[in-house]
Amino acid sequence: MVSRNELKLVRQLEQKKYRRLHGLFVAEGDKVCDDLLRTMPVYRLYSSNGRADAIAVTDDELRRMSFLQHPQGTLGIFRMPQHSSDEEQQAIASCATRLCLALDGVQDPGNMGTILRIADWFGIDTVFCSESTADVWNPKVVQATMGSIARVRVWYTDLPALIRSLPPSTPVYGTLLNGDNIYATPLHNHGLIVMGNEGNGISDEVRRMVTHRLLIPSYPASRQGAESLNVAIATALVCGEIRRRADII
């Protein structure tokens with residue numbers, strides 16, 4: 001039996017202010033919850049499918065708790081990870097030797113979650129976000145990561161200040177309409193990849209700091225086609241090309 005207070009807490013965690021107040025977030029499904037259980041402390045775990053490590057609930061109770069149209073049998077409330085300022089500085093410094101990702105105003109939760117899943121696939125475990133980027137602990141973001149949120153660290157920070165703090169030789173990649181063809185441009189297996197807002201792209205201040213301006217060309221170039229690529233798809237293409245080129249090198 002789920003109490004009123006338990007149900008109230010779960011529903012509150014749909015909102016950012018309550019997630020911050022309680023330091024908790026919601027994840028759903030066996031796959032996502034199992035991945036999170038390996039790396040994050042669980043507050044409560046509910047299941048309607050007989051999990052031995054969870055509080056038993058009925059299908060109807062889980063349906064009332066769930067944020068999904070079709071609940072997946074397990075719902076977990078997890079504690080948000082706490083990172084120190086030293087850990088953040090170490091993460092920033094890692095851009096000089098490893099590939100990191102920065103999201104500048106990505107606002108759609110589905111895009112955000114998919115990008116974190118893409119980062120995980122391509123071995124990028126550090127993602128920096130502007131304050132205007134969607135909240136990583138939004139249930140829709142968590143769900144879209146399909147468990148990758150357990151392996152990718154996310155930091156909210158002042159992106160221009162972060163870029164200014166990088167060693168001058170650190171590549172800063174950005175996709176721009178006036179960029180150079182990504183398939184004919186020298187690439188490195190370290191640096192910071194910046195992906196911008198769905199409608200406006202990379203912000204003006206950050207755009208001026210991009211050292212490697214990249215263009216993902218359409219085919220054929222003379223054909224009038226789609227105006228732009230979805231930001232998550234563009235992220236996958238950029239990460240994939242950099243990783244492919246690094247393997248060749």
Side-chain angles (χ1 to χ4, degrees), residues 16 19-20 80-109 111-138 141 145 148-180 182 185-215 231-232 234-239 241-243 246:
K16 183 177 181 179
R19 291 194 293 270
R20 289 189 171 183
M80 293 181 183
Q82 301 297 318
H83 300 301
S84 68
S85 57
D86 285 344
E87 288 177 311
E88 182 176 3
Q89 290 307 310
Q90 291 172 7
I92 294 172
S94 72
C95 297
T97 57
R98 303 169 58 196
L99 205 56
C100 300
L101 190 61
L103 305 183
D104 186 12
V106 174
Q107 295 179 343
D108 181 82
N111 283 336
M112 172 79 167
T114 301
I115 289 171
L116 296 182
R117 188 176 178 186
I118 289 166
D120 186 25
W121 180 263
F122 285 108
I124 300 171
D125 62 9
T126 300
V127 178
F128 301 101
C129 297
S130 67
E131 294 295 341
S132 60
T133 295
D135 180 24
V136 66
W137 306 117
N138 181 313
V141 175
T145 71
S148 290
I149 190 64
R151 293 175 291 276
V152 178
R153 295 177 302 168
V154 178
W155 313 83
Y156 285 82
T157 189
D158 181 330
L159 290 185
L162 180 151
I163 295 172
R164 283 192 293 269
S165 72
L166 296 174
S169 60
T170 305
V172 179
Y173 299 101
T175 52
L176 301 166
L177 292 177
N178 63 347
D180 299 317
I182 187 173
T185 300
L187 302 172
H188 308 277
N189 60 1
H190 66 280
L192 185 67
I193 302 170
V194 182
M195 304 304 298
N197 174 268
E198 289 87 347
N200 302 316
I202 300 172
S203 61
D204 290 341
E205 186 176 6
V206 173
R207 187 183 298 125
R208 289 191 291 269
M209 298 178 174
V210 171
T211 61
H212 292 62
R213 304 164 74 89
L214 304 177
L215 171 69
V231 65
T235 302
L237 290 171
V238 172
C239 292
E241 182 61 12
I242 290 177
R243 288 305 195 200

List the atom of [X], the atom of [Y], and the distance in Å for their closest heavy-atom pair.
| X | Y | answer |
| --- | --- | --- |
| P109 | N138 | CG-ND2, 4.1 Å |
| N200 | R207 | O-NH2, 3.9 Å |
| C95 | L166 | CB-CD2, 3.9 Å |
| S84 | W155 | O-CZ3, 4.1 Å |
| N189 | R243 | O-NH1, 4.2 Å |
| T126 | S94 | OG1-OG, 4.5 Å |

Quick check against the 3.5 Å criterion: does [X] have a side-chain atom that pairs as donor or acceptor with the backbone of [Y]?
| X | Y | answer |
| --- | --- | --- |
| T133 | G105 | yes |
| Y173 | L187 | no |
| E198 | D108 | yes |
| T211 | V172 | yes |

Output the distance between atom [atom1] ([X]) and atom [atom2] ([Y]), rounded to the nearest 0.5 Å.
| X | Y | atom1 | atom2 | value |
| --- | --- | --- | --- | --- |
| I202 | M209 | CD1 | CE | 12.0 Å |
| I115 | I124 | CD1 | CD1 | 11.0 Å |
| M112 | M195 | CE | CE | 13.5 Å |
| N178 | L215 | CG | CG | 8.5 Å |
| L162 | Q89 | CG | CD | 8.5 Å |
| S130 | N197 | OG | CG | 8.5 Å |

I want to check something: taking the side chain as every heavy atom from C-beta on, are [X] and [Y] in contact at a cut-off of under 4.5 Å?
| X | Y | value |
| --- | --- | --- |
| L99 | F122 | no |
| S165 | I92 | yes |
| M80 | R19 | yes |
| I149 | W137 | yes |

Item to complete: Test R151 against every option in L116, D120, D125 by the side-chain contact (heavy atoms from CB on, under 4.5 Å) rule and name the one that passes.
Response: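 The option that passes is D120.
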Item to complete: Can you label the angle between the H188 ring and the H212 ring as parallel, tilted or perpendicular, going by 30° and 60°?
Response: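 The arrangement is perpendicular - the two ring planes meet at more than 60°.
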